[in-house]
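Let me begin by presenting the structure, written as structure tokens, before commenting on it.
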Amino acid sequence: MNVESRYQPLFEPVKIGPVTAKNRFYQVPHCTGMGHALPRTLAAMRGMKAEGGWGVVCTEYCSIHETSDDQPYPFASIWDDGDLANLAALADQVHAHGALAGIELWHGGSLVSNLASRLPTLGVRSMPGRADPVQSQPMDRRDIRALRQWHRAAAARAKRAGFDIIYVYPTHGYLLSEFLSRGLNGRTDEYGGTLENRVRLVRELIEETRETVGDRCAVAVRFSADGHGDAHLSGDEARDVLAMLGDLPDLWDLVVSDYYGEEMATSRFVQEASLEAKVAYAKRITRKPVVSVGRFTSPDTMLRQVRSGILDFIGAARPSIADPFLPTKIREGRLDDIRECIGCNVCYSYNYRGAAIRCTQNPTMGEEWRRGWHPERVTEGDGSSVLIVGAGPAGLEAAHILGKRGYTVTLADAAGEPGGRVTLESRLPGLAEWARVRDYRLGQIKAMPRVSMYLGSPLAAADVREIGADHVLIATGARWRRDGVGRWNATPLPALRAESTLTPDDLMRGAQARGNVTVFDDDHYYMGPVLACLLAKSGAIVTYVTTEGKAGQWSQYTGEQERTQQQMLELGIEIIVSTNIDGFDGECVTLACTYTGRSHRRAASTLVLATSREPCDELYRELVGPDGESPVVGIQRIGDCRQPALIAHAVYAGHRAARELGEPIERLTARRDRSVI
Ligand code: ADP
Ligand code: SF4
């Protein structure tokens with residue numbers, strides 16, 4: 001059996017009410033940080049998924065009315081005909097490749113703050129929102145009638161915009177889940193009390209959406225298969241809701257109650273297909289098709305979901321971001337070409353920074369319209385020679401794209417193995433999947449005869465000159481600082497006992513630390529917490545000190561903060577927040593409160609500093625000389641040696657340098673997506 005026919009069941013058409021998806025690959029709604037603000041960017045990105053073979057491509061959460069605005073996060077909206085026109089462009093691009101377009105109609109209820117519209121937020125009762133010190137207005141019957149009208153109007157607009165699948169969205173804590181909640185919904189009318197009453201509004205919206213658009217569009221419901229926690233909607237009640245509504249919608253899009261801990265969890269905490277046990281029962285209750293997610297990247301896992309009758313559609317957000325062409329690659333049997341999601345949630349984090357989506361694995365994500373980047377196609381180069389120094393994520397990605405463009409590439413690395421920081425970091429607890437960043441690129445390069453890689457090859461400036469390549473890319477990375485300089489400390493800490501101070505690089509290269517270890521985290525992302533866990537697991541007594549208010553504070557954006565802190569506490573790590581380090585003498589660290597400056601000493605035999613990194617740019621600087629004017633033709637530095645940042649930044653930098661090499665200047669200008677008066 002060849003690969004293609006083996007996975008054939010994944011390419012069967014599936015009927016969803018009045019429409020038919022051409023295959024089982026379903027891009028579920030996912031936020032993009034583009035929404036209403038960047039309509040051309042969004043349309044091109046969704047269109048790319050359709051081009052890559054997804055049978056269904058959905059929008060993100062799409063507000064039905066100005067009483068639901070999620071500013072500063074760039075949500076989608078379908079409030080008026082202007083929104084309709086923008087969304088129609090998206091639906092057109094999805095249709096151009098034979099996919100169905102889905103739209104997730106949404107009302108945020110009490111969770112949002114309406115920072116833009118300044119209208120009161122609406123809730124099943126008055127309660128505080130997610131982020132701001134404002135409470136919602138309790139909805140009366142008139143408000144409910146208005147909501148139903150807004151939903152109808154939004155559905156009608158969505159149909160006019162060309163959408164094929166229209167969602168009713170009673171989950172993720174938004175307005176309709178407030179109505180479902182036993183704890184929150186204290187209404188004494190027909191919308192409160194019994195489960196049947198609490199479901200009434202959802203039922204009405206499904207029925208009214210069908211009445212409004214059901215002749216041509218399917219109605220989908222996104223629902224949490226195991227409820228919303230016992231205080232709100234227990235697992236048993238969720239089953240009852242599914243049974244009550246059973247065949248009313250045309251499709252069930254199932255999620256689970258634990259959003260950050262499970263549904264959207266990173267690969268540090270959750271593996272592929274993790275929702276299976278909680279959603280599998282649904283197919284026994286409804287005859288309608290079911291889609292669910294599970295960060296599916298393995299075609300065999302996908303096949304099993306379908307064959308064993310768990311799912312009709314393979315739902316994906318992140319795998320479709322990392323590889324918009326995943327379905328095409330499976331269909332063509334090009335499994336080694338799949339760019340597998342690493343489960344880092346960098347894509348998700350930027351929505352919560354108010355910026356357009358990006359992806360660690362797929363540097364073209366979000367750049368389809370602005371820079372015209374295609375995830376699979378590049379322009380032909382002139383075949384000249386390029387030397388790349390450093391085979392970390394930046395160097396590997398540059399080699400991959402330059403090789404694809406037909407350049408003759410020499411890739412040299414001082415280390416005995418490729419991958420740079422990715423190789424080192426992927427050995428840390430929970431980060432194994434990050435090695436996919438390296439492995440995908442190595443796999444691609446292997447098939448390129450004009451790309452040669454030399455490991456164990458430290459290059460000095462003289463070597464670079466001697467090699468005499470037409471272009472040189474320096475991708476020599478960054479090193480963690482040993483002197484305490486970071487966000488909080490602008491100058492080196494004066495009293496550090498160097499012999500007992502370790503950096504993340506030391507630990508990743510095998511240094512051991514026993515006894516009382518203090519990990520100082522002034523970086524605020526994963527490195528400090530992950531190292532603290534590594535040390536605790538190896539038997540050290542670990543104290544974690546951070547200048548922020550929580551462990552791994554920035555990882556709130558990747559949705560990992562809670563699990564991070566929970567994991568550390570479970571490992572017995574003491575967490576000290578809002579605290580700086582003033583000194584370390586090998587026996588004690590001096591800790592200082594970031595608010596009062598009050599200090600005290602604590603026993604510590606080793607201090608680990610996860611503060612900041614400095615670029616390893618010595619080679620670059622030697623080659624370009626003091627004024628940055630290089631005698632070496634076409635030299636650039638890329639990745640961490642230019643700007644220490646996330647792995648996603650390094651991959652992007654490598655990609656951009658490789659894509660733009662030798663291109664005429666007019667092709668290098670990025671377009672700006674904005675409204676112009
Ligand atoms: P990035 O994230 O920017 O790709 P990394 O730190 O992951 O950076 O990788 C940088 C790589 O560069 C490392 O594998 C390192 O061994 C290599 N390197 C650094 N300096 C030299 C040099 N002078 N010659 C060859 N390789 C080097
Ligand atoms: Fe996957 Fe990370 Fe890309 Fe998101 S950013 S799609 S989690 S690889």
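Start at 1 and go down the list; that is how both ligands and their atoms are numbered. Keep in mind that the numbers below use all heavy atoms, side chains included, and drop hydrogens, waters and symmetry copies.
Shown in contact with Pro458 at under 4.0 Å from a heavy atom are these atoms of ligand 1, numbered in order with element: 24 (N), 25 (C). For ligand 1, the atoms sitting less than 4.0 Å from at least one non-hydrogen atom of Arg421 are 2 (O), 5 (P), 7 (O), numbered in the order shown with element in parentheses. Each of the following atoms of ligand 1 lies closer than 4.0 Å to a heavy atom of Ala650: 2 (O). Residue-ligand proximity, Ser457 to ligand 1, at heavy-atom distances under 4.0 Å covers atoms 24 (N), 25 (C).
Residue pairs meeting the salt bridge (charged side-chain N to carboxylate O under 4.0 Å, His left out) criterion with at least one member in residues 399-416, sequence neighbours excluded: Arg405-Glu663.
More than 12 non-hydrogen atoms from other residues, nucleotides or ligands lie less than 6.0 angstrom from CD of Glu614. Shown here is Asp336, whose CG atom has no more than 12 heavy atoms of other residues, nucleotides or ligands within 6.0 Å.
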Requested in this report: Assess whether salt bridge (charged side-chain N to carboxylate O under 4.0 Å, His left out) is satisfied between Arg482 and Asp506, documenting all intermediate values.
Outcome: CA-CA 10 Å; Arg482 312 192 158 269; Asp506 297 332; 2.7 Å; yes

Requested in this report: Could you walk me through whether Tyr174 and Tyr169 pass ring-ring contact (aromatic ring centres under 6.0 Å, His included), step by step?
Outcome: CA-CA 8 Å; Tyr174 296 122; Tyr169 183 20; 5.6 Å; yes

Query raised in the report: After noting the C-alpha distance and the side-chain angles of Glu560 and Arg563, does the key distance pass the salt bridge (charged side-chain N to carboxylate O under 4.0 Å, His left out) rule?
Result: CA-CA 6 Å; Glu560 294 169 293; Arg563 290 226 33 189; over 6 Å; no

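Side-chain atoms of Arg438 and Thr423 form a donor-acceptor pair, as typed in the model, at a separation below 3.5 Å. A donor-acceptor contact closer than 3.5 angstrom is absent between the side chains of His524 and Gln553.
Every N/O-N/O distance between Val422 and ligand 1 stays at or above 3.5 Å. Close N/O approach between Pro393 and ligand 1 is found [any backbone or side-chain N/O within under 3.5 Å]. For ligand 1, the polar-atom distance check against Gly639 finds no nitrogen or oxygen pair separated by under 3.5 Å. Between Ala394 and ligand 1, at least one pair of N/O atoms sits closer than 3.5 Å.
Within the structure, the closest approach of Ala460 to ligand 1 does not fall below 4.0 Å when heavy atoms are considered.
A perpendicular orientation is assigned to the rings of Tyr557 and Trp554, their planes being inclined by more than 60° (bins at 30° and 60°).
Neither the backbone nor the side chain of Cys616 comes within contact range of ligand 1; no heavy atom lies under 4.0 Å. The part of Ala475 lying near ligand 1 is the backbone, judged by heavy-atom distances below 4.0 Å. Under 4.0 Å from ligand 1, the heavy atoms of Val389 that appear belong solely to its side chain.
In this structure, Phe520 has no ring-ring contact (aromatic ring centres under 6.0 Å, His included) partners at least two apart in sequence or on a different chain. In this view, Glu622 and Ala461 satisfy the side-chain contact (heavy atoms from CB on, under 4.5 Å) rule, not counting sequence neighbours.
For atom 6 (O) of ligand 1, the candidate residues are Gly419, Gly477, Ala412; the nearest heavy-atom contact is made by Gly477. Comparing Gly392, Gly390, Ala645 against atom 12 (O) of ligand 1, the shortest heavy-atom distance belongs to Gly390. Comparing heavy-atom distances from atom 19 (C) of ligand 1 across Asp640, Leu459, Thr476 singles out Thr476 as nearest.
The CZ atom of Arg659 lies 9.5 Å from the CD atom of Glu367; values are rounded to the nearest 0.5 Å.
Ranking the protein heavy atoms by distance from atom 13 (C) of ligand 1 puts Asp413 OD2, 3.4 Å first.
Below the 2.8 Å limit, atom 1 (Fe) of ligand 2 has as protein N, O or S neighbours Cys341 SG.
Here the rule is side-chain hydrogen bond (donor to acceptor under 3.5 Å, both in side chains) with Ser320, and of Arg46, Lys49, Gln27 only Lys49 fits it.
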